[in-house]
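What follows is a single structure, written as structure tokens, with notes after it.
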There are 2 protein chains.
Amino acid sequence: MYRSVQSAADILAGWTSIVKRSIVPVGMKVKKQTAPIGRPRAFDADRALDRALEVFWRRGYEGASLSELTEAMEINRPSLYAAFGDKESLFRRVLDRYAGGPAGYTQSALDAPTARAAVERLLEGAIKLLTDPHHPQGCLLVQGALTCGEGAGAVRRELAVRRAAGEAALRRRLDRARREGDLPRDARPGDLASFFAAVIHGMAVAAAGGADRRKLKRIAQTALSVWPDGNREMPEKSPN
Amino acid sequence: MYRSVQSAADILAGWTSIVKRSIVPVGMKVKKQTAPIGRPRAFDADRALDRALEVFWRRGYEGASLSELTEAMEINRPSLYAAFGDKESLFRRVLDRYAGGPAGYTQSALDAPTARAAVERLLEGAIKLLTDPHHPQGCLLVQGALTCGEGAGAVRRELAVRRAAGEAALRRRLDRARREGDLPRDARPGDLASFFAAVIHGMAVAAAGGADRRKLKRIAQTALSVWPDGNREMPEKSPN
DNA sequence: TCACTTATGTACCGCTCGGTACAAAGCGCT
DNA sequence: AGCGCTTTGTACCGAGCGGTACATAAGTGA
């Protein structure tokens with residue numbers, strides 16, 4: 001979930017070579033294997049992306065100005081365009097970084113042994129993410145561009161698609177659980193997935209408004225009480 | 001709930017006289033009682049506000065440009081500024097109109113005879129509001145400005161305050177219900193209010209992403225299953 | 001008719017936006 | 001050293017932003 005393919009725009013714009021240059025030395029322990037020619041870049045691309053993520057996260061796509069971005073990334077404008085393309089391409093790169101970094105817990109959460117544990121981990125991870133003092137409060141997929149001017153419609157839709165992908169991944173996990181007998185036959189994976197997605201996005205709205213961790217915890221616990229399991233008592237901790 | 005006082009900025013800017021002029025003829029059936037002097041305005045202020053609401057709702061506060069606003073309101077720029085002040089003042093006027101109009105159901109919903117009926121009405125009203133084809137999809141209080149540039153911070157905070165006010169009103173209703181025995185003693189009105197507020201805001205995010213009425217209905221029904229009432233069967237329709 | 005008051009319409013303001021042209025700088029290669 | 005290639009920094013572009021000056025229009029009251 002939240003895994004994204006290399007965007008077509010990036011390929012067309014020829015990012016592959018650039019990505020390779022910054023990725024290869026990390027992936028393998030070879031130093032300057034093929035020795036890039038030309039003046040070397042003076043910044044770390046991933047670090048710059050993290051700074052950009054921070055800005056987009058706090059300001060939203062449209063609220064983040066190129067001036068604020070370049071200042072935070074400690075890069076000047078032409079370098080940004082040479083390395084990441086225009087604002088929209090940069091934002092998509094940032095989205096991937098978000099999915100693989102701060103929001104990466106979603107993937108491992110769904111690997112939990114039971115569906116209920118998966119949902120609990122999803123909620124716990126969301127609470128930590130949404131209120132982590134090292135980042136802006138809230139969720140980039142929600143507050144990145146719920147609304148926008150005409151020019152940013154593509155970005156708005158992209159965020160909606162990614163949110164839907166998250167819900168779909170959860171739904172698949174719950175489907176599997178029902179097939180395995182982990183969920184009762186009369187449980188409705190689609191409804192449950194929509195519901196927990198809504199709860200998580202609602203918690204994101206709350207966090208954007210300043211809600212603290214305790215409050216989100218209570219929301220999550222209340223939400224978990226819908227679990228269709230003959231209404232066993234709500235555990236303080238997940239049973240595994 | 002969602003009721004708001006006359007903002008200090010409006011008072012300082014001297015809107016009271018203008019408001020009076022457009023409100024009095026509506027409130028009382030007197031025609032030209034005191035006969036305003038000067039050239040009469042060529043547009044209906046409330047109608048113009050409705051058009052502005054539409055634009056802010058779809059675009060968000062920052063995404064709505066003055067050009068798009070004036071075009072939709074069928075007003076030129078100086079008339080807008082003379083009648084409603086700057087963009088932020090206009091937005092606050094629009095917020096009040098939203099609270100009293102499309103979102104007005106929240107007030108009557110809380111007057112329902114039982115707490116559960118109140119929450120059901122709240123959810124039903126939200127579903128209708130969020131997916132009404134006559135308006136943009138979603139909730140102005142959520143998508144108006146979850147994030148923004150530095151200049152719109154006050155608007156962002158104002159929206160958070162109004163969301164919190166809605167939750168607080170629900171909480172008061174649930175408090176009352178517990179006092180009256182309508183909710184069990186061990187129910188937690190604060191937790192329930194936070195939870196249903198989060199669900200509604202999550203549904204707003206879903207609606208902004210294109211969710212249809214059926215999907216929101218399922219989310220609401222699932223959410224209602226947390227109701228702390230010995231788990232009676234969930235009704236298909238609210239009992240009134 | 002003439003002042004007085006208020007609304008309208010045009011035309012503009014300074015500023016910031018996202019995006020880029022261009023020359024200098026820093027590297028490998030020969 | 002000199003060439004080829006890429007990045008860097010400055011300085012700029014046109015466009016759109018929110019907001020306003022100013023002359024004119026359209027009413028009331030005398």
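In what follows, chains are A, B, ... by sequence order, proteins preceding strands, each numbered from 1.
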Taking the six-membered ring for Trp, are B:Trp57 and B:Tyr98 parallel (under 30°), tilted (30 to 60°) or perpendicular (over 60°)? perpendicular
For A:Leu122 versus A:Ala109, what's the shortest heavy-atom pair and its separation? CD1-CB, 3.6 Å
Classify the ring geometry of B:Phe56 against B:Tyr61: parallel below 30°, tilted from 30° to 60°, perpendicular beyond 60°. parallel
Provide, to the nearest angstrom, the distance between the CD atom belonging to A:Glu71 and the C1' atom belonging to D:dG9. 16 Å
Expressed as a whole number of angstroms, how long is the span from B:Leu90:CG to D:dG19:P? 10 Å
Assign a letter to each nucleotide of nucleotides 8-21 of chain C from its 5' end: B, base within under 4.0 Å of a protein heavy atom; S, sugar-phosphate only; -, no contact. SBB------SBBBB
B:Gln143 versus B:Ala208, closest heavy-atom pair with distance: OE1-CB, 3.4 Å
Give a yes-or-no answer on whether the side chains of B:Thr70 and B:Arg77 include a donor-acceptor pair shorter than 3.5 Å. no
